[in-house]
There are 2 protein chains.
Amino acid sequence: MRLTTKGRYAVTAMLDLALHHDQGPTRLAGISDRQGISLSYLEQLFAQLRRQELVTSVRGPGGGYHLGRQPDTISVAEVIAAVNEDTDTTRCGGAGDCQEGEICLTHHLWMDLSDQVRAFLQSITLGDLVERQDIRRVSMQQAMRSKPIESMAEQIPASNL
Amino acid sequence: MRLTTKGRYAVTAMLDLALHHDQGPTRLAGISDRQGISLSYLEQLFAQLRRQELVTSVRGPGGGYHLGRQPDTISVAEVIAAVNEDTDTTRCGGAGDCQEGEICLTHHLWMDLSDQVRAFLQSITLGDLVERQDIRRVSMQQAMRSKPIESMAEQIPASNL
DNA sequence: ATATAGTTGACTAAAATACTAGGTTATGTG
DNA sequence: CACATAACCTAGTATTTTAGTCAACTATAT
């Protein structure tokens, strides 16, 4: 289980989807606006999420994406795994014979830790995250910001601290 | 808390050090041989580990590295954090104003998950790993084939978000 | 004196990341 | 039907990270 910013993008996008779960299809353009992720990058991520059947799509006007299952049945671990397609670059590659036919320390150790982390992230669902107050609050702020037509798509945050 | 192969290299090297903790300084060349990590790459990793005072060095013939503290006081999280020097590329960068002065979903969510993972990895020390998997024997019997060691995975504390 | 072993810096190939550009295809609406 | 919409797809690209090499240097035990 690798943990990188790519996985975070995917989880964030899926959470956005979960937050609008009862509002018909969600457009990637909307997620892009709300979460500040480039549209084309989202398209790539969602191609992978779709392949794993974590989302379903509706084409054409009024279209967008739905969660493939109920929010409380989709774990964070699944989402991360979906975009981090297996890049197992271990010497042993699971065979356990990376060093002169012997089991290597590395593989077992890391696989164990990795599995523990995975198990933890598997216990957290999108449904769990949606229930969180802080997330609901931020989501509401995002909704208010994107409602008016006056809000331009231009989003170069010239504002620093 | 990022989880990549780089972190695994560092943890593996530190575990090797822990295994030879009572045998005087451990040479990087030895770790390189045993764990199959390039010497020069190890040098880079140990430069970072040294900066974080996770190891101490002895120069000259017979020299090498020692753990900076006792194995049971060095957590896996610390080791990983040491080599994954903060490359926080979040839009908000911790300030929480990534999107038009507002807190972003991403930051809170990911920081929380990341903190949970960190807390978990912080609860595992090098001392634990040496004991739990009984790898000391494996490392001492390099010429022998050894059976796969079943991991005694510690149960994840029921976590709540 | 010499070999050892850490220390440092510059450099590099390969991969992953994050994104851009420019299409095509399906489909709802006027 | 025309058209706008939005998913879908492919290719390319800049940047960063990974993993490593190479070369020089400093400290120290023998």
Side-chain angles (χ1 to χ4, degrees), chain A residues 2-13 17 20 24-33 35-51 53-66 68 80 83-91 106 110 153 155-156, chain B residues 2-13 17 20 24-33 35-66 68 80 83-91 98 106:
Chain A
R2 300 172 65 233
L3 280 190
T4 63
T5 54
K6 187 178 189 177
R8 185 177 76 205
Y9 275 128
V11 171
T12 303
L17 228 55
H20 303 87
T26 304
R27 299 179 311 128
L28 290 190
I31 300 178
S32 176
D33 285 347
Q35 310 306 336
I37 308 171
S38 98
L39 177 58
S40 293
Y41 196 42
L42 278 175
E43 283 171 349
Q44 288 172 40
L45 295 180
F46 272 75
Q48 297 181 274
L49 294 171
R50 204 170 91 95
R51 248 170 260 140
E53 298 183 343
L54 290 176
V55 297
T56 58
S57 62
V58 180
R59 300 179 70 154
Y65 284 94
H66 285 292
I80 293 172
V83 297
N84 285 340
E85 42 194 336
D86 240 357
T87 49
D88 184 83
T89 46
T90 55
R91 235 162 295 271
T106 314
W110 199 253
Q155 66 132 5
I156 295 181
Chain B
R2 300 170 67 234
L3 279 191
T4 63
T5 55
K6 187 179 189 179
R8 185 176 76 203
Y9 275 127
V11 171
T12 303
L17 227 56
H20 302 86
T26 304
R27 300 180 312 126
L28 290 191
I31 300 178
S32 175
D33 286 346
Q35 310 305 337
I37 309 172
S38 98
L39 177 57
S40 294
Y41 197 42
L42 278 174
E43 285 170 350
Q44 287 173 40
L45 296 180
F46 272 76
Q48 296 180 276
L49 294 171
R50 205 170 90 94
R51 249 170 256 139
Q52 302 297 317
E53 298 183 342
L54 289 177
V55 298
T56 58
S57 62
V58 180
R59 300 178 69 153
Y65 284 93
H66 284 291
I80 293 172
V83 297
N84 284 340
E85 45 193 332
D86 239 356
T87 48
D88 185 82
T89 45
T90 55
R91 238 160 294 271
C98 53
T106 315

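Just so we're on the same page: letters track the sequence lines, and every chain starts at 1.
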Are B:Thr4 and D:dT17 close enough that a side-chain N or O sits under 4.0 Å from OP1 or OP2? no
Is the shortest side-chain heavy-atom distance between A:Lys6 and A:Leu45 below 4.5 Å? yes
Distance, rounded to the nearest Å, where A:Ile80 contributes CD1 and C:dT17 contributes C1': 16 Å
Tell me which one of A:Val55, A:Leu54, A:Val83 satisfies side chain to side chain contact (heavy atoms under 4.5 Å, CB included) with A:Gln48. A:Val83
Minimum-distance nucleotide (side-chain atoms of A:Arg2 versus C:dC19, C:dT17, D:dA19): C:dT17
Contacts under 3.5 Å, N or O only, protein and nucleotides 1-5 of chain C:
unit_1	atom_1	unit_2	atom_2	d
C:dT4	O2	B:Pro61	N	3.3
C:dA5	OP2	B:Arg27	NH1	3.0
C:dA5	O4'	B:Gly60	O	3.2

Take the protein atom CG of B:Leu39 and the nucleotide atom P of D:dA23, then report the distance between them rounded to whole Å. 15 Å
Check: B:His66 and B:Val58 side chains under 4.5 Å, non-hydrogen atoms: yes
Can you tabulate the close N/O pairs, meaning under 3.5 Å, that link protein atoms to atoms of nucleotides 21-23 of chain C?
none

Side chain proximity check, B:Arg50 to B:Tyr65, heavy atoms < 4.5 angstrom: yes
In whole angstrom, what separates A:Asp33's CG from D:dA6's C1'? 14 Å
Roughly, in whole Å, what's the span from CD1 in B:Ile37 to C1' in D:dT21? 16 Å
Taking the side chain of B:Arg50 as its heavy atoms from C-beta onward, which of C:dT7, C:dA16, D:dA19 lies nearest to it? C:dT7
Do B:Thr4 and B:Tyr9 touch side chain to side chain, with heavy atoms closer than 4.5 Å? no
Distance check needed: D:dC8 P versus A:Leu45 CG, whole Å only. 14 Å
Looking at A:Tyr41, I'd like to know whether one of its side-chain N or O atoms comes within less than 4.0 Å of OP1 or OP2 on C:dA18. yes
Listed by chain and number, what are the side chain to side chain contact (heavy atoms under 4.5 Å, CB included) partners of B:Glu43, not counting sequence neighbours? B:Leu28, B:Leu39, B:Ser40
